Amino acid sequence: MKIHEKYLRRCLQIGSKALGLAAPNPMVGAVIVCDGAIIGEGYTSAFGGPHAEVNALNSVSDKGLLKRATLYVSLEPCCHQGKTPPCTNVIIASGIPRVVVGIRDPNPKVAGMGITQLQEAGIEVIEGILQGECRQHHRRFLTAQEQGRPYIILKWAESRDGFIAPENEARDKDAKPFWISGSLSRRLVHKWRTEEMAILVGTQTAVADNPALSARAWEGRNPYRLLIDRNLRVPAASKLLDHSTPTAVFHEQANPPEAKENLSYVALNSGKAIPKQIASWAQKQGLNSIIVEGGAQTLNLFISTDLWDEARIFQGPSLLKNGIKAPEIKGRLIAETHLEHDRLQILRND
Ligand SMILES: NC(=O)C1=CN([C@@H]2O[C@H](COP(=O)(O)OP(=O)(O)OC[C@H]3O[C@@H](n4cnc5c(N)ncnc54)[C@H](OP(=O)(O)O)[C@@H]3O)[C@@H](O)[C@H]2O)C=CC1
Ligand SMILES: Nc1c(N[C@@H]2O[C@H](COP(=O)(O)O)[C@@H](O)[C@H]2O)[nH]c(=O)[nH]c1=O
Ligand SMILES: [Zn+2]
């Protein structure tokens, strides 16, 4: 049993290399083992490219070993034609006799049928190992598949006395962020931005900070930018409206500007909770995770409608004495660490 855990853990480790690359596909990892040695490994390619199992099989140099090898894979192999042919066909054709699967794929086009196909071809399939860790690893994909909405991460930085910024009236006239967390934390945030498909801020944050919401301090892709601007009062010259990256503005106006080049306008239904409307729009676009970066009113909208999965909260060393109060949130503390002078806590909503 322990040996299966060891290699499945390795699947999760290499599957993580596909974070921010494979989405909305799951970041699957696959490992091929023969006579106690790893002879092949692979992870999901950028969206549209080969899946982990195919990359792992292709990486084996002595294909003759496959007939007595075991394939470990963090998610049930697909059995449907998507952007690539079914992995089950490739696995069956490889002659490998045994497959150890982390968790089943809830996608209705797979949902146990991948495993059945392998078994019907005479392959031994072992399941039920490391379920919790596999579910945690695939949480973005599973949330989108099982709950029909993106995985939602709330993130903010608060002062030691619990404020996220001075009062709006006390801010500089030229819009720029008021930094509470230090440079290392901010760099980590840029890494996080490469890991999620979309990033959201509220109107007053766009007005006060003129943020770019890019991942310029890290290598990787920029997320799709989402802005709540019910009254379309964010200035046209703002970085968020500069057409540099796909951006959607959620509004409640009768005559929004025309969509053009990376900038679209999405009408909100004023009677319905905004977080739910944004989540369902994002799901339809295939955006399976959103990092919500503030401000307080926007974060509180997600907290009060209980539409969040994870919260990442920096606490900087400064004391502001007054200002915009940080959101109050209840969740299970799953990690705590320090970066320079900042404390970082990660909460889970469960
Ligand atoms: N330290 C940190 O991590 C962060 C700090 N900040 C700071 O926070 C401040 C902004 O925070 P905050 O004022 O809370 O701003 P938000 O960015 O959350 O935007 C607030 C605006 O949203 C609109 N709004 C209010 N209620 C609702 C509702 N129910 N549904 C939808 N929209 C609503 C209102 O604009 P309208 O009436 O036009 O609809 C309101 O002015 C800035 O100073 C910024 O620098 C921001 C992000 C992170
Ligand atoms: N003030 C503050 C944050 N503010 C967030 O970062 C945004 C600025 O992004 P950018 O323009 O891309 O650098 C800003 O609008 C707000 O959402 N974040 C933090 O990690 N720590 C901080 O102290
Ligand atoms: Zn596949």
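When a ligand or atom number is given, it counts from 1 through the structure's own listing order. Quantities reported herein were computed from a predicted structural model and do not represent experimental measurements. Keep in mind that the numbers below use all heavy atoms, side chains included, and drop hydrogens, waters and symmetry copies.
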Point-to-point distance, once rounded to the nearest 0.5 Å, from [atom1] of [X] to [atom2] of [Y]:
{"X": "Glu293", "Y": "Ile199", "atom1": "CD", "atom2": "CD1", "value": "3.5 Å"}
{"X": "Arg140", "Y": "Ile153", "atom1": "CZ", "atom2": "CD1", "value": "5.0 Å"}
{"X": "Ser181", "Y": "Ile164", "atom1": "OG", "atom2": "CD1", "value": "11.5 Å"}

#### Entry: With the Zn ion (ligand 3) as the apex, the SG/SG angle for Cys87 and Cys78 - to 10°
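About 120° at the Zn ion (ligand 3).
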Which residue and atom name correspond to the protein heavy atom nearest [atom], and how close is it?
{"atom": "atom 11 (O) of ligand 2", "result": "Ala212 N, 2.9 Å"}
{"atom": "atom 42 (C) of ligand 1", "result": "Arg171 NH1, 3.5 Å"}
{"atom": "atom 23 (O) of ligand 2", "result": "Ile180 N, 2.5 Å"}
{"atom": "atom 7 (C) of ligand 2", "result": "Arg193 NH2, 3.8 Å"}
{"atom": "atom 4 (N) of ligand 2", "result": "Trp179 CZ3, 4.1 Å"}
{"atom": "atom 21 (N) of ligand 2", "result": "Ser181 OG, 2.6 Å"}
{"atom": "atom 48 (C) of ligand 1", "result": "Glu293 O, 3.0 Å"}
{"atom": "atom 14 (C) of ligand 2", "result": "Asp209 OD2, 3.1 Å"}
{"atom": "atom 1 (N) of ligand 2", "result": "Phe178 O, 2.8 Å"}
{"atom": "atom 45 (O) of ligand 1", "result": "Asp209 OD1, 2.6 Å"}
{"atom": "atom 19 (C) of ligand 2", "result": "Lys155 NZ, 3.2 Å"}
{"atom": "atom 36 (P) of ligand 1", "result": "Asn231 ND2, 3.5 Å"}
{"atom": "atom 17 (O) of ligand 1", "result": "Thr205 OG1, 2.7 Å"}
{"atom": "atom 1 (N) of ligand 1", "result": "Ala157 O, 2.8 Å"}

### Query
Is it true that Gly294 lies under 4.0 Å from ligand 2, counting heavy atoms only?
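Contact check Gly294 vs ligand 2: negative.
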### Task
Assess Arg216 for proximity to ligand 2: is some non-hydrogen atom of it under 4.0 Å away?
yes
Please determine if [X] has a nitrogen or oxygen closer than 3.5 Å to a nitrogen or oxygen of ligand 1.
{"X": "Ile164", "answer": "yes"}
{"X": "Ala208", "answer": "no"}
{"X": "Gly295", "answer": "yes"}

#### Entry: Contact list for residues 23-81, test ring-ring contact (aromatic ring centres under 6.0 Å, His included), sequence neighbours left out
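Residue pairs with at least one partner in residues 23-81: His4-Tyr72, Tyr7-Tyr72.
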Would you mind running through ligand 1 and noting each atom that sits below 4.0 Å from a heavy atom of [X]?
{"X": "Gly202", "value": "17 (O), 19 (O)"}
{"X": "Asn168", "value": "13 (O), 42 (C), 43 (O)"}
{"X": "Ile274", "value": "30 (N), 31 (C)"}
{"X": "Gly294", "value": "47 (C)"}

Should the proximity of [X] to ligand 1, defined as any heavy atom under 4.0 Å, be assigned to the side chain, the backbone, both, or neither?
{"X": "Ala296", "answer": "both"}
{"X": "Asp229", "answer": "neither"}
{"X": "Ile324", "answer": "side chain"}

### Message
Just to verify, which of Arg348, Arg149, Lys155 counts as forming a salt bridge (charged side-chain N to carboxylate O under 4.0 Å, His left out) with Asp309?
### Response
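Of Arg348, Arg149, Lys155, salt bridge (charged side-chain N to carboxylate O under 4.0 Å, His left out) with Asp309 is met by Arg149 alone.
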### Message
I need the contact type for Pro211 against ligand 2. Using non-hydrogen atoms and a strict under-4.0 Å cut-off, is it side chain, backbone, both or neither?
### Response
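Pro211 to ligand 2: contacts from backbone and side chain alike.
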### Task
Inspect the surroundings of NZ in Lys63 and state if more than 12 heavy atoms from other residues, nucleotides or ligands are less than 6.0 Å away.
yes
### Message
Let me check something: do Leu71 and Ile14 share a hydrophobic cluster, defined by ILVMFWY side-chain heavy atoms less than 4.5 Å apart, either directly or through other members?
### Response
no
### Query
Is any side-chain heavy atom of Arg230 closer than 4.5 Å to a side-chain heavy atom of Thr203?
no
### Message
With heavy-atom distances below 4.5 Å as the criterion, would you say the side chains of Ile152 and Phe302 are in contact?
### Response
yes
### Task
Provide the number and element of each atom of ligand 2 under 4.0 Å from a heavy atom of Thr205.
15 (O), 17 (O)
### Sub-4.0 Å atoms of ligand 2 with respect to non-hydrogen atoms of Val189
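Per the distance check, 20 (O).
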### Query
What are the two closest non-hydrogen atoms of Met27 and Ser16, and how far apart are they?
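Here Met27 and Ser16 meet closest at SD-CA, 4.2 Å.
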### Query
Does an N or O from Phe314, backbone or side chain, lie closer than 3.5 Å to an N or O of ligand 2?
no
### Task
Check whether any N or O atom of Glu293, backbone or side chain, sits under 3.5 Å from an N or O atom of ligand 2, and answer yes or no.
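By distance alone, the answer is yes.
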#### Entry: Asp342/Arg186 salt bridge by N-O under 4.0 Å criterion
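Looking at Arg186 and Asp342, the cut-off is not met.
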### Message
Donor-acceptor pair, distance only, cut-off 3.5 Å: does the side chain of Arg187 make one with the backbone of Ala217?
### Response
yes
### Task
Check His51 and report its N/O/S atom nearest to the Zn ion (ligand 3), by atom name.
ND1
### Query
Looking at ligand 1, does Val201 have a heavy atom less than 4.0 Å from it?
no
